[in-house]
Amino acid sequence: MCGRMTVHGAKNAVLPMLAASVLTPAPVTVRDCPHITDVEDMLGVLRALGVEVTVTDREITVTGSPACTDIPPGLAGGMRSSVFMLGALLSRCGEVELASPGGCRIGARPLDIHFDGLERMGVRVECGDGRILCTADRLHGADIVLRYPSVGATENLVMAAVCAEGVTRIIGAAREPEIVSLVRLLRKMGADIAGEGSPVVTVRGVDELDGASATPSPDRIVAGTVMAAVAVCGGRVELSGADSSDMGAVISPFLGAHTFLIEHGGAITFESDGMLSPTDVCTGPYPLFPTDMQAPFMACQCFAAGMSSMRETVFEDRFAHVAELRRMGARIAVAGNTAFVDGSGGMRGSVIAASDLRGGAGLAVAALGAEGESILSGTVYIDRGYEDMAKMFSSLGGKISRRRV
Ligand code: UD1
């Protein structure tokens with residue numbers, strides 16, 4: 001695998017930034033957006049709310065005030081990130097109704113941390129019949145202690161707090177770079193926020209927000225997925241736009257005697273001879289190894305001669321790809337939240353199916369490295385977060401093509 005590719009804005013930054021656009025009637029522009037279906041779905045949500053959406057290649061501008069606060073069930077159910085509309089619409093309209101959000105089936109994914117925090121700010125939450133109704137007469141600041149550093153809850157509470165009365169402190173906040181991207185946009189819009197990227201985020205409510213434009217952080221998971229493919233196939237790829245300062249935990253398991261990494265002026269070059277060493281990896285909240293890289297990296301472990309392990313601590317049901325990797329010859333034993341991967345047996349092509357976004361990416365990586373041909377179905381999940389993955393990998397020399405059925 002050889003060549004150069006550009007890493008665009010992170011899905012997990014772009015989605016909450018787009019949600020934040022309803023916090024003001026003035027135009028909000030998000031640049032460098034990826035062409036993925038999760039972004040299209042979010043634009044569908046925004047259009048259904050009655051705001052104006054203009055798309056110019058990778059630049060999305062949202063203008064106007066929501067005409068309603070009810071997110072249609074078909075839209076909300078299909079995409080987890082519609083949950084960000086909770087904080088944004090509550091802040092702007094004092095009300096929001098949506099179906100229990102969907103997204104990848106990677107665990108129960110409850111919303112109690114979101115609701116507990118919102119309730120502390122004066123929100124009434126009613127759930128029933130698959131619908132969630134939240135209302136507030138006036139949001140007020142509060143000290144909110146998160147029992148877990150939830151990415152989505154941190155983002156929602158920040159958006160709920162920007163125009164609330166008084167000061168909100170989110171204690172035990174998530175620290176992901178995508179949250180920092182959201183806060184940078186909000187600050188440009190006039191919000192008064194401090195501490196993003198640290199465990200305590202402080203938001204002082206302001207009267208109103210104005211329009212602004214901002215660029216999200218680059219997608220560290222897309223960059224990491226390409227590194228995984230290079231690691232199993234061998235080669236050298238330059239990832240232009242990737243930001244290594246946010247990627248320490250993503251990069252570190254890849255480093256070893258058989259790999260070489262250079263960081264240079266806004267790009268990362270990663271080289272591998274395709275010989276992998278066994279590793280022990282554990283996922284966790286940022287700055288630990290991201291759960292979104294678990295499946296792509298487990299694919300690498302399947303090629304590392306010897307015994308590796310992968311412990312998943314963020315989501316309780318994120319090993320769906322294991323059964324498919326086994327079809328390709330992987331020797332993986334799962335005990336509780338840990339997968340033990342014996343990579344000494346080799347991997348062969350097979351007929352495999354993705355059932356979630358990152359699991360699908362892991363299967364594509366495994367298929368690229370395996371002997372023989374694989375047929376991967378369930379690409380609809382991969383399209384949620386990767387921009388034409390077949391084109392991306394084939395432009396780097398990977399033997400992969402997409403067949404419409
Ligand atoms: C976000 C990302 C997702 C990533 C995940 C972890 C987006 C759109 N999605 O998802 O890609 O995999 O962060 O980095 O940005 N939890 C609760 N109660 C809650 C909220 C969360 O128990 O109210 C639990 C979840 O079930 C999970 C853990 O907390 O076990 C982390 O979830 P969270 O950080 O909220 O992930 P998401 O925001 O859903």
Side-chain angles (χ1 to χ4, degrees), residues 9-20 33-34 36-39 41-42 45 76 78-88 100-120 123 125 127 132 134 144-160 170 172-183 199 216-217 219-222 224-225 246 249-250 282-297 311-320 337 356-362 381-382 384-386:
K11 165 180 103 73
N12 290 347
V14 169
L15 297 175
M17 288 168 81
L18 288 172
C33 295
I36 54 175
T37 56
D38 260 11
V39 168
D41 288 350
M42 179 55 112
V45 168
M79 187 190 51
R80 171 78 185 178
S81 48
S82 58
V83 80
F84 295 126
M85 299 319 301
L86 278 178
S100 300
C104 281
R105 280 164 283 167
I106 56 178
R109 305 190 87 175
L111 294 172
D112 59 302
I113 302 173
H114 302 243
F115 295 155
D116 287 351
L118 291 171
E119 281 172 348
R120 286 196 54 77
V123 175
V125 180
C127 300
I132 300 166
C134 296
I144 301 167
V145 180
L146 306 193
R147 68 167 174 80
Y148 186 89
S150 157
V151 178
T154 302
E155 292 166 332
N156 243 327
L157 295 171
V158 167
M159 285 190 269
I170 305 164
R175 299 165 56 188
E176 270 67 2
E178 293 76 19
I179 296 172
V180 175
S181 291
L182 169 67
V183 170
S217 55
D219 201 314
R220 57 202 171 100
I221 307 302
V222 168
T225 304
D246 287 340
V250 172
C282 179
T283 68
Y286 188 85
L288 301 177
F289 186 76
T291 173
D292 284 357
M293 273 303 296
Q294 183 250 105
F297 196 78
R311 195 166 150 232
E312 171 59 62
T313 73
V314 181
F315 290 104
E316 71 276 16
D317 186 14
R318 209 171 195 182
F319 281 152
N337 67 355
D356 67 273
L357 163 59
R358 305 301 175 186
Y381 295 103
I382 298 175
R384 285 189 40 213
Y386 295 84

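We're numbering straight along the sequence, starting at 1. When a ligand or atom number is given, it counts from 1 through the structure's own listing order.
- Atom 14 (O) of ligand 1 has its nearest heavy-atom neighbour, among Ile113, Val151, Leu146, in Val151.
- Short contacts between ligand 1 and Arg318, defined as distances under 4.0 Å to a heavy atom of the residue, involve ligand atoms 12 (O).
- Asp292 and Arg318 are joined by a salt bridge, as a carboxylate oxygen and a charged side-chain nitrogen come within less than 4.0 angstrom of each other.
- The shortest N or O to N or O distance between Ala153 and ligand 1 is not below 3.5 Å.
- For the atom pair CG of Leu118 and CD1 of Ile144, the computed distance is 7.5 Å after rounding to the nearest 0.5 Å.
- The backbone and the side chain of Val314 each have at least one atom closer than 4.0 Å to an atom of ligand 1 (non-hydrogen atoms only).
- For ligand 1, the polar-atom distance check finds an N/O of Ser150 within less than 3.5 Å of one of the ligand's N/O atoms.
- Close N/O approach between Asp292 and ligand 1 is found [any backbone or side-chain N/O within under 3.5 Å].
- At a 4.0 Å heavy-atom cut-off, ligand 1 touches Arg147 through the side chain alone.
- No N or O atom of Glu316 sits closer than 3.5 Å to an N or O atom of ligand 1.
- Every atom of ligand 1 is numbered from 1 in the order shown, and the set under 4.0 Å from a heavy atom of Asp112 is 17 (C), 18 (N), 19 (C), 22 (O), 23 (O).
- Taking every heavy atom of Gly152 and a limit of under 4.0 angstrom, the matching atoms of ligand 1 come to 35 (O), 38 (O).
- With sequence neighbours excluded, no residue forms a salt bridge (Lys or Arg N to Asp or Glu O under 4.0 Å) with Asp116.
- Around CZ of Arg175, the count of heavy atoms belonging to other residues, nucleotides or ligands within 6.0 Å exceeds 12.
- Among residues two or more places apart in sequence or in another chain, the salt bridge (Lys or Arg N to Asp or Glu O under 4.0 Å) test is passed with Glu178 by Arg220.
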